[in-house]
Amino acid sequence: MDFNAPATANPSDRMRVIGQPLDRVDGPLKVSGRAHYSYEYHEEAPNAAYGWLVGAEIGKGKIAGIDTAAAEAAPGVLLVLTHRNAPAQGKDSDYAAPQLQGTEVLHHGQAVAFVVAESLEQARAAARLVKVDYAAEPGRYDLAQERSRAVAPEPGMVKPETRAGDFDAGFAAAPVQLDVTYTTPDQSHAMMEPHASTAVWEGDELTLYTSHQILHWAAEGVAATLQMPPEKLRVVSRYIGGGFGSKLVVYGDAVLSALAARQLRRPVKVALTRQQIFNHTTHRPATIQRLRIGADAEGRIAAIAHESWSGDQESGGTAEGAASQTRLLYAGKDRLTRHRLATLDLPFAGAMRAPGEAVGLLALECAMDELAEKLGMDPVELRIRNDVAYNPEEGPSKPYSTRKLVECLREGARRFGWDARNPRPAQVRDGRWLVGLGVAAAVRPNPVMDSGARLHLDGQGRLTVETQMTDIGTGSYTILAQVAAEMLGLEVGAVTVKLGDTRFPQASGSGGSWGANSSGAGVYAAAMKLRGIVAQRAGFNDEAVFEDGTVRSGQRSLTLAEVAGEAGLSAEAEITFGDFSKQYEQAGFGAHFCEVRVDVETAEIRIRRMLSVAAAGRVLNPKTARSQCLGGMTMGIGAALMEEAVVDKRHGLFINHDLAEYQVPVHADIPHMDVVFLEEEDDKSSPIKAKGIGELGICGVGAAVANAVYNATGVRIRDYPLTLDKLLKAGMPQA
Amino acid sequence: MKSFTYQRVSTPAEAAAAVAANPGAKFLAGGTNLLDLMKLQIEVPTHLVDVNRLGLDRIEPTAEGGLRIGALVRNTDLAADARVKRDYAVLSRALLAGASGQLRNKATTAGNLLQRTRCPYFYDPAQACNKRNPGSGCAALGGFSRNLAVLGTSEHCIATHPSDMAVAMRALDAVVETVHADGATRQIPIAEFHRLPGDTPEVETALRHGEFVTAVTLPPPVGGVHLYRKVRDRASYAFATISVAAVLVPEGGKVAQARLAFGGLAHQPWRVTEAEDRLRGQGADAANAVADAVLQGARPTEQNAFKLPLTRRVLAGTLAQAMQG
Ligand SMILES: Cc1cc2nc3c(=O)[nH]c(=O)nc-3n(C[C@H](O)[C@H](O)[C@H](O)COP(=O)(O)OP(=O)(O)OC[C@H]3O[C@@H](n4cnc5c(N)ncnc54)[C@H](O)[C@@H]3O)c2cc1C
Ligand code: SF4
């Protein structure tokens with residue numbers, strides 16, 4: 001089914017099942033330990049041996065010598081792989097991830113050996129017996145230092161540069177000018193489930209249970225790395241304990257378990273430790289962002305420029321698209337966005353929840369707060385004044401499909417009691433606490449991806465949905481059951497959803513917030529096809545009504561079970577998104593409001609309350625959607641106040657590599673939080689009229705926090721995270 | 001594999017003897033620190049002596065009117081004890097400011113005193129660390145030192161002692177009781193229990209190998225206002241950036257008696273007699289002079305220099321709060 005015109009009225013509009021705040025259908029399995037994650041396929045991989053990855057202990061250089069004798073002789077050890085005996089593998093590419101390919105060390109934590117033993121403890125101990133001599137070379141680990149050598153990245157997802165009008169002239173002529181630089185640190189995804197894989201070979205066929213967000217990417221990467229025919233590879237990823245983008249990539253766990261299992265003719269499993277994750281896998285890279293905004297005295301933006309520098313490895317490096325949202329959010333004639341990429345010898349940079357926007361908005365939305373203050377204007381009003389109905393770079397020819405930013409801001413301001421905010425900072429005291437309010441806008445594009453599904457209606461009237469789509473903790477199982485049930489007029493309880501297996505039709509997977517809308521549309525397409533088949537079998541025309549487990553036309557009604565018969569009925573289809581959706585600018589919008597209190601003695605910052613208002617198409621399930629926003633808010637608070645993977649600039653590694661030292665918010669940091677969704681349907685987005693929410697939820701959150709901290713203290717910190725030492729150094733008021 | 005043997009003992013002296021007899025042996029209490037370190041091979045005992053069933057889990061009054069806390073009393077139970085909450089509230093508050101509920105249920109009094117530093121370089125076997133691997137150097141010097149010590153450091157180590165409980169015990173003049181393999185006992189004032197790093201940062205306490213902690217005693221209560229202020233980046237489940245345990249007896253707007261111990265500043269809970277002397281007979285406005293004495297000789301790194309002004313501010317706030325009652 002090709003989506004090439006605005007969606008019209010269709011069965012998904014009934015909203016009997018869709019739109020209900022249903023509990024997760026997979027909840028009972030999870031809380032009772034029956035949902036199997038990639039490390040837990042005990043029955044499918046009996047007698048699995050345990051792998052342990054040995055990571056490089058230098059940031060850059062060469063392996064001068066490697067001695068595995070002691071490790072090989074250690075009890076229980078079955079195999080030690082190094083670059084000397086690792087099998088040949090496919091070349092490095094977008095998806096492939098060859099391991100142990102030579103003596104060159106590109107980054108700390110890169111695999112230099114892989115030890116397999118009968119038990120986890122044996123593998124772990126033997127890993128420490130692998131003696132590696134390194135010839136270390138000086139590395140480039142400091143973004144600020146490498147900034148001057150940064151270059152334009154290869155055009156791709158992140159545009160190196162965009163212009164409209166003449167920024168320099170517009171800025172020079174603007175009566176009110178702001179020119180500020182913000183920095184954001186490296187961050188780790190810190191999802192709960194580590195990267196884990198279990199590899200099982202049967203003859204020349206591999207089943208790889210691995211924790212990955214998009215299975216056809218994983219399959220492509222693993223097949224290319226192992227140089228095996230794709231049809232001999234099955235990738236399974238039924239349950240995933242969070243990904244946040246870190247599981248869009250194939251790492252050593254997947255490749256090395258597969259290689260070792262092939263050699264040993266025995267299943268091999270491996271889970272990375274938290275410490276290994278920090279340096280072996282990807283991270284959100286640090287950025288330096290310069291923002292210049294020129295406005296007239298009424299706050300209308302005339303010129304806006306956002307430049308961002310980030311770093312990555314020399315080959316295959318990607319830039320953090322931190323200026324991307326500045327192309328979309330506010331009006332203004334003269335515009336410039338620019339991304340520059342420096343070479344760093346740190347672990348690979350990668351996507352993390354709302355890559356680009358999440359950190360770009362930390363800068364842009366604080367700059368807007370600074371501009372509002374310069375103008376003596378309310379920051380909510382400033383944003384409303386600069387609303388625009390179309391892509392401001394491309395002009396009215398590219399309208400937004402929907403854009404309710406102003407409504408989000410107004411509704412949020414009303415509910416939050418924004419009126420009560422004192423625009424003069426550092427005025428409000430509550431005992432030991434300085435209190436402040438902050439606001440920020442949110443935008444996150446709404447990409448769509450082709451997605452397929454297969455439905456089977458059986459003789460009992462039960463429906464099974466099969467698709468490669470994954471559930472990374474977001475609720476895919478639940479919302480796909482809702483879509484399927486709605487389309488066929490069934491109860492959710494009559495639908496079984498099976499996900500995360502390459503034996504099922506290829507799907508969008510989970511990434512870029514496209515999952516729910518795209519895979520939901522895939523299920524819609526298959527359901528439309530199945531409805532046709534059922535109606536035809538029942539002898540009905542297109543007017544057939546599907547309701548309460550029956551199909552009806554006129555006075556005649558049949559149960560779906562009857563129509564399906566003993567053999568059942570199946571339908572498979574794919575939703576494809578051609579150029580139609582590109583005629584519109586599509587994005588979700590939101591507004592965040594935050595109240596913080598800052599201890600006047602210690603400069604400790606604590607959140608008091610928070611509200612997010614979002615408009616992001618049809619909400620398929622208010623409960624799972626709200627959870628996405630709460631998670632995004634929590635992560636945004638982390639980004640604002642504490643998260644930083646600290647680079648040891650001498651040795652080129654993230655040194656605070658565990659969750660005691662890399663801090664994310666705990667319960668005590670998260671007070672009452674509200675989420676409100678505005679009514680919206682986007683008929684240009686997909687037949688089910690939904691949009692992505694998972695990443696919108698984090699976009700702008702941290703800036704609302706930072707703006708509240710400024711309002712509370714009068715101290716503007718432009719270097720995230722806003723820790724108490726920075727506030728103290730910058731002149732935090734005294735008690 | 002790093003195999004180890006495991007033994008349960010039935011008396012404290014037996015526990016001491018079992019460890020004393022074996023240079024690779026260690027006591028196992030709650031295991032919340034030791035087992036983590038074993039997984040990283042930072043601790044590599046060859047023999048574990050489980051001391052959990054020795055009946056040392058009681059809190060009893062002493063003849064002098066103080067409290068004797070068994071070495072195996074869990075942090076949760078100690079914090080919740082009615083006598084502790086009434087007479088030694090600073091200890092209860094310090095305990096509750098530490099770790100998480102689950103950890104406190106497991107963590108023991110002795111184990112908490114003996115927990116090892118949280119220096120990130122200590123935790124990474126690939127990095128130079130004199131404490132983990134004597135003579136290998138100190139990667140924290142010139143590295144990520146934001147959370148590390150500013151007082152009592154040496155060129156060999158700038159780690160802190162991470163315990164909250166120990167800071168309160170330092171303010172309370174606790175005494176650590178031990179027993180040796182031969183049954184001989186020793187009473188170690190807490191001031192002498194934790195050492196400064198000097199040129200042997202691997203030697204952290206006054207204990208000898210095999211010396212077993214049986215209890216911690218608290219002298220009779222001194223009354224006064226008990227405060228524990230812990231500063232940290234997140235609201236819970238984080239080690240102290242700095243902390244202060246204060247027991248202050250106000251009298252007519254002045255401080256009649258003061259005990260101030262600080263965490264997060266040094267390799268031991270930090271307490272300076274001169275600082276307390278300066279406070280005696282003074283009010284909250286003496287905070288700066290007191291802080292001068294506390295911070296005398298501080299040698300911060302660029303990254304942790306903020307701990308000095310932070311200590312001043314927290315001290316000022318704590319004194320002000322205490323004087324308000
Ligand atoms: C994530 C995390 C966060 C934490 N946060 C905090 C915090 O905020 N504040 C804080 O203070 N602590 C914190 N802790 C540390 C925690 O308090 C300690 O791990 C705990 O107190 C150790 O007690 P245990 O009984 O488990 O000791 P164990 O791990 O069993 O033992 C620790 C050491 O003491 C020795 N030992 C134990 N008993 C005796 C004895 N009777 N005699 C002689 N030697 C003995 C052992 O041989 C071992 O060397 C945290 C820990 C974790 C894991
Ligand atoms: S400060 Fe101490 S514990 Fe940390 S690396 Fe240096 S020697 Fe090791």
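Just so it is clear, the structure is predicted and the values come from calculations on it, not from any experiment. Letters A, B, ... are given to chains in the order of the sequence lines, protein chains preceding strands, and every chain is numbered from 1.
Using a 4.5 Å cut-off between heavy atoms, A:Glu121 contacts chain B through both its backbone and its side chain. Contact annotation for B:Asn147: only side-chain heavy atoms (C-beta onward) come within less than 4.5 Å of a heavy atom of chain A. Heavy atoms of A:Leu659 lying under 4.5 Å from chain B belong exclusively to its backbone. With a threshold of 4.5 angstrom between heavy atoms, A:Leu129 does not approach chain B through any atom at all. Looking at B:Ala139, the atoms closer than 4.5 Å to chain A (heavy atoms on both sides) sit in the backbone and in the side chain alike. Both the backbone and the side chain of B:Lys39 come within contact range of chain A, judged by heavy atoms closer than 4.5 Å.
In this structure a side-chain-to-backbone donor-acceptor pair under 3.5 Å is missing from B:Arg118 to A:Glu661. Side-chain atoms of A:Arg128 come within 3.5 Å of backbone N or O of B:Leu40 as a donor-acceptor pair. Checked by atom type and distance alone, the side chain of B:Arg313 never pairs as donor or acceptor with a backbone atom of A:Thr602 at under 3.5 Å.
When the candidates A:Glu57, A:His657, A:Arg432, A:Met732 are compared by the number of heavy-atom contacts under 4.5 Å with chain B, A:Arg432 comes out ahead. Listed options A:Lys649, A:Gln275, A:His108, A:Gln734 were ranked by heavy-atom pairs under 4.5 angstrom with chain B; first place goes to A:Gln734.
Screening B:Arg146, B:Gln303, B:Lys307 against A:Asp725 for a side-chain hydrogen bond (donor to acceptor under 3.5 Å, both in side chains) leaves a single residue, B:Arg146.
Looking at heavy atoms from C-beta onward, A:Glu601 lies in side-chain contact with B:Arg229 at the 4.5 angstrom threshold. Looking at heavy atoms from C-beta onward, A:Asp599 lies out of side-chain contact with B:Val231 at the 4.5 angstrom threshold.
Of all heavy-atom pairs between A:Arg650 and B:Leu141, the closest is NH1-O, 3.0 Å. Of all heavy-atom pairs spanning A:Ile655 and B:Pro120, the tightest one is O-CB, 3.9 Å. Annotation for B:Phe306 and A:Leu728: closest pair O-CD1, 4.3 Å, computed over non-hydrogen atoms. Contact detail for B:Ser236 and A:Ala668: the closest heavy-atom pair is CB-CB, 3.7 Å. Taking every heavy atom of both residues into account, B:Asp233 and A:Gln663 meet most closely at CB-OE1, 3.7 Å. A pairwise comparison of heavy atoms in B:Gly143 and A:Asp648 identifies CA-OD2, 4.3 Å as the closest pair.
Residues passing the side-chain hydrogen bond (donor to acceptor under 3.5 Å, both in side chains) test with B:Lys131, sequence neighbours excluded: B:Glu204, B:His267.
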